[in-house]
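Working notes, structure below.
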There are 2 protein chains.
Amino acid sequence: MKATKKKRLEAAGWRVGSAAEFLGLSAAEERIVEIKLALAVAVRQRRARLGLTQGELAQRMGSSQSRVAKLEAGDRTVSIDLLVSALLRLGLTRQQLGRILASDAA
Amino acid sequence: MKATKKKRLEAAGWRVGSAAEFLGLSAAEERIVEIKLALAVAVRQRRARLGLTQGELAQRMGSSQSRVAKLEAGDRTVSIDLLVSALLRLGLTRQQLGRILASDAA
DNA sequence: CCAGCATATGTCAGTTCCGACATGATGCAA
DNA sequence: TTGCATCATGTCGGAACTGACATATGCTGG
């Protein structure tokens, strides 16, 4: 929304933001959850394919087994950064990463 | 590395990890920086294309103008989560997101 | 020149995320 | 069963990230 338009709306008594923006936030956050899930699934598949344990992957990442478990479980305390880090450490290229992001989680 | 192999190496006196893994970490982190940069560039391009100011995008994200500025500048205190959030809020689909991730930053 | 808007930079307190550890659950082989 | 490996879950102190604010810089029209 342009600042000029926002000013007009506010002058007309609207509280620009709150409701509509809350819904918007929810929609975007939902998509983020989907993305995280797709990445999580990819981590588990790739790790299994390489025959690594969670502990071994954790070591590669400088992380811990428990965090890798949460990571693959789609725990909400896991960031996209960590998921991407895991996938890169599993040898994925940016192209492969992009493909995972674009596709739905199985 | 398989646990069995690791044990063999450790039994042979190797400290598995440290040096080689440090180099590995650096390489992966470098690629994360590249990814962040590509996303940051995409945010700026997309925002400009929509004719939004940093402040307006910040409002859409429930963030602040200064953070959007840092975001686009590739500031190291900005997470991939926030970058993805910004791009989704700018209307990008997961497919578009995937394409950005796969391509190099201009 | 100077307003006014957009963007950049620095800082800070509150929140979130992290690795690490402990512990529990599951499965499989001895 | 017992023992061992793997994965799951809960918790915690510390690190990293965040939004907000103040302020600086740049840029364009008057």
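Please read these numbers as outputs of a predicted model, since none were measured by experiment. A note on names: the letters A, B, ... follow the listed sequences, proteins ahead of strands, and every chain is numbered from 1.
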Is there a donor-acceptor pair closer than 3.5 Å between any side-chain N or O of B/S85 and the backbone N or O of B/D81?
-> no
Please report, rounded to the nearest Å, how far the C1' atom of C/dT9 is from the CG atom of B/L71.
-> 15 Å
Side chain of B/Q45, backbone of B/A42: donor and acceptor closer than 3.5 Å?
-> no
Whole-Å gap separating P (D/dC7) and CD (A/Q59) = 14 Å
If you take all heavy atoms of A/T77 and A/R67, which pair is closest and at what distance?
-> O-NH1, 3.5 Å
Hey, does the side chain of B/K36 reach the backbone of B/R31 with a donor-acceptor pair shorter than 3.5 angstrom?
-> no
Compare every heavy atom of B/A69 with every heavy atom of B/Q54, then report the nearest pair and how far apart it is.
-> OE1-CB, 3.5 Å
Angle of first-five versus last-five pair axes in the helix from C/dC1-D/dG30 to C/dA30-D/dT1, to 10 degrees | 30°
Could you encode protein contacts along nucleotides 13-30 of chain C as a string, one character per nucleotide from 5' to 3', using B for base contact, S for sugar-phosphate-only contact and - for no contact, with a heavy-atom cut-off of under 4.0 Å?
-> ----SBBBB---------
Which of these nucleotides, C/dA8, C/dA6, D/dC7, is closest to any side-chain atom of A/R47?
-> D/dC7
Does a salt bridge link A/E72 with A/R47, judged by any charged N lying under 4.0 Å from a carboxylate O?
-> yes
Whole-Å gap separating P (D/dT18) and CD (A/E29) | 14 Å
Between B/Q96 (side chain) and B/T93 (backbone), is there a donor-acceptor pair under 3.5 Å?
-> yes
Determine yes or no for a side-chain-to-main-chain donor-acceptor pair under 3.5 angstrom, with A/R94 supplying the side chain and B/S103 the backbone.
-> yes
Separation of B/D75 atom CG from C/dT7 atom P, in whole Å?
-> 17 Å
